[in-house]
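Read the structure below first, then the notes.
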2 protein chains.
Amino acid sequence: MKGNPTHPLNPEKSGDLTRSEESKQRILLAGTAIFAQKGLEGSRVDEIADEAHINKRMIYHYFESKENLYVEVLRYNYTKLYTRGSSVIQSGTDPEIVIKQAIREYFYYLAEHDEFVRLMSWEALNQEKYANRVLPQLIDPAEPVLRQFLQVGQQAGLIRKNIDIRHLLVSVNALCLVYFSRREMLQTFWKEDIMAPSMLEERLTHIQDIIFNGILNYGEEEM
Amino acid sequence: MKGNPTHPLNPEKSGDLTRSEESKQRILLAGTAIFAQKGLEGSRVDEIADEAHINKRMIYHYFESKENLYVEVLRYNYTKLYTRGSSVIQSGTDPEIVIKQAIREYFYYLAEHDEFVRLMSWEALNQEKYANRVLPQLIDPAEPVLRQFLQVGQQAGLIRKNIDIRHLLVSVNALCLVYFSRREMLQTFWKEDIMAPSMLEERLTHIQDIIFNGILNYGEEEM
DNA sequence: TAAGTAAGTAACTAGTTAGTTACTTTGTTT
DNA sequence: AAACAAAGTAACTAACTAGTTACTTACTTA
């Protein structure tokens with residue numbers, strides 16, 4: 001439990017952040033790393049303090065409790081994804097291109113954010129106990145936009161009429177997520193490196209192949 | 001920490017099991033329930049002892065350590081699935097029917113075995129640390145059988161030639177698993193009960209629709 | 001520059017838990 | 001039925017950890 005002994009206000013590194021905001025930020029990043037690795041129960045507050053180069057007392061000062069820090073770590077990370085997500089949907093041109101692009105963005109977001117994949121997995125096992133405190137606020141405004149977008153895609157004939165859009169969303173999520181959330185399992189049985197760029201591109205192609213040839217009306221038969 | 005005070009050897013209830021085998025069995029079942037719910041770290045040995053109606057000391061007598069009990073709980077539960085799985089594959093008639101049946105069996109196995117879904121999820125977060133001690137023994141003999149079966153399906157023209165069978169397996173697994181492993185999340189946003197029989201059948205139909213219309217050569221266009 | 005406040009620190013406490021010890025009870029074999 | 005082994009028990013301990021207390025240092029503003 002060392003804490004950062006000097007800690008001068010460093011305008012170069014901290015930008016516009018005040019010292020306290022910079023400390024909070026460091027705690028959130030450390031919390032993300034540790035909680036993603038070990039979950040709420042498995043993580044030690046002392047460890048997070050060390051990782052953040054801050055005294056444990058300050059975690060209680062800024063976040064009140066371990067549990068509350070965990071919720072704020074979830075909020076921080078979900079917000080990052082949803083902010084990015086909305087910008088993709090809003091760039092509304094051709095639905096087909098937007099759908100393909102959205103799947104690609106989501107897939108590579110997961111590929112590059114192991115902590116996010118793991119935080120979601122911990123929350124699934126927590127029965128979404130903590131995520132439910134932050135997710136509705138984020139999803140409720142986004143949901144009608146997404147739903148309407150997909151309905152337009154359906155009415156334009158791109159998505160088959162008999163497909164339930166909710167299942168489609170679950171399936172896209174599943175096809176992307178499981179590749180990462182179970183990657184140690186896959187890696188046990190695959191020779192190639194699961195995370196190699198060429199393998200990622202192969203997986204994405206497979207997903208788009210399933211979704212577009214299985215669900216969407218995608219021009220002529222082409223096999 | 002009561003333990004079972006009377007515990008007469010009860011041949012009616014225990015069948016062929018000796019008393020010690022029956023105790024081991026009770027510990028494994030209790031371990032399955034508690035570890036599935038709370039994971040390795042979150043579970044308390046005292047709690048497992050209570051659930052098994054046995055003294056904690058006996059857990060150490062039969063299983064040596066909490067960690068080792070966890071591994072044996074994994075072995076017990078994976079073995080149950082794999083035993084069932086092999087019998088489906090071996091009933092080798094029409095590949096199309098067998099594939100459909102295998103997906104249905106797996107899907108409903110997961111639907112009925114929440115503890116199994118959760119044990120797998122904990123292991124994913126453990127980077128398969130403990131599952132890797134038992135899985136290869138189970139999968140290694142089954143793998144060539146499955147692979148050859150799928151290759152026959154591919155050569156018979158049922159599965160498109162340009163589909164990587166490994167990705168196909170990951171995808172089927174993903175489409176089934178995520179519906180259950182994230183069900184609290186889905187339930188937050190869906191009105192209907194995710195686990196209602198009609199909803200399960202709907203999900204399975206959707207999965208088979210994706211797989212058969214997207215991946216397999218499934219007769220004529222039918223939409 | 002003095003006073004007040006925000007940020008940071010070290011040492012402690014109260015509660016918890018995996019694993020052990022020293023023991024008793026139950027069942028089996030000769 | 002006596003001797004022995006298997007199964008079961010209660011109470012303990014050593015290690016750990018979330019959260020607190022009483023304090024010092026750094027920064028800001030009048």
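Numbers restart at 1 for each chain; the letters A, B, ... are given by sequence-line order, proteins then strands. Bear in mind that the values here come from a model prediction, so they are computed numbers and not experimental data.
- Counting to the nearest Å, the P atom of dG8(D) and the CD1 atom of I54(B) are 5 Å from each other.
- Residue pairs satisfying the side chain to side chain donor-acceptor pair (under 3.5 Å) criterion with at least one member in residues 34-44 of chain B, sequence neighbours excluded, are listed as follows: K38(B)-E47(B).
- As a whole-Å value, the separation of N55(A) CG from dT25(D) C1' is 13 Å.
- Within the 3.5 Å criterion, the main-chain N or O of E128(A) finds no donor-acceptor partner in the side chain of E184(B).
- Atom CD1 of I48(B) is separated from atom P of dT17(C) by 12 Å (rounded to the nearest Å).
- For S65(B), the side chain to side chain contact (heavy atoms under 4.5 Å, CB included) partners are E67(B), N68(B), not counting sequence neighbours.
- Separating the NE2 atom of H61(A) from the C1' atom of dG19(D) is a distance of 15 Å, rounded to the nearest angstrom.
- Pairing of dC27(D), defined by two Watson-Crick or G-U wobble distances under 3.5 Å, is identified with dG4(C).
- Here F180(B) pairs with F107(B) under the ring-ring contact (aromatic ring centres under 6.0 Å, His included) rule; sequence neighbours left out.
- The separation between D50(B) atom CG and dA10(D) atom C1' is 14 Å, rounded to whole Å.
- Pairs passing the side chain to side chain donor-acceptor pair (under 3.5 Å) check and including a residue from residues 139-151 of chain A, sequence neighbours excluded, read E143(A)-R147(A).
- Every pair passing salt bridge (Lys or Arg N to Asp or Glu O under 4.0 Å) that includes a residue from residues 191-207 of chain A is listed here, sequence neighbours excluded: R104(A)-E201(A), E192(A)-R166(B).
- For the pair E22(B) CD and dA6(D) C1', the interatomic distance rounds to 15 Å; values are reported in whole Å.
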Between the protein and nucleotides 15-18 of chain D, are there any N/O to N/O pairs under 3.5 Å, and if so, what are the atom names and distances?
from, atom 1, to, atom 2, distance (Å)
dT17(D), OP1, R44(A), NE, 2.8
dA18(D), OP1, S43(A), O, 3.3
dA18(D), OP1, R44(A), NH1, 3.0
dA18(D), OP1, K66(A), NZ, 3.2
dA18(D), OP2, V45(A), N, 3.1

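- Distance from the side chain of Y62(A) is smallest for dG8(C) among the nucleotides dA7(D), dA10(D), dG8(C).
- One finds no side-chain N or O of S65(B) lying less than 4.0 angstrom from the OP1 or OP2 phosphate oxygen of dA18(C).
- The line from SG of C176(A) to CG of L204(A) is 7.0 Å long, rounded to the nearest 0.5 Å.
- For the pair R26(A) CZ and dA7(C) C1', the computed distance is 11 Å after rounding to whole Å.
- Computed from coordinates, the L69(B) CG to dG19(C) P distance equals 11 Å when rounded to whole Å.
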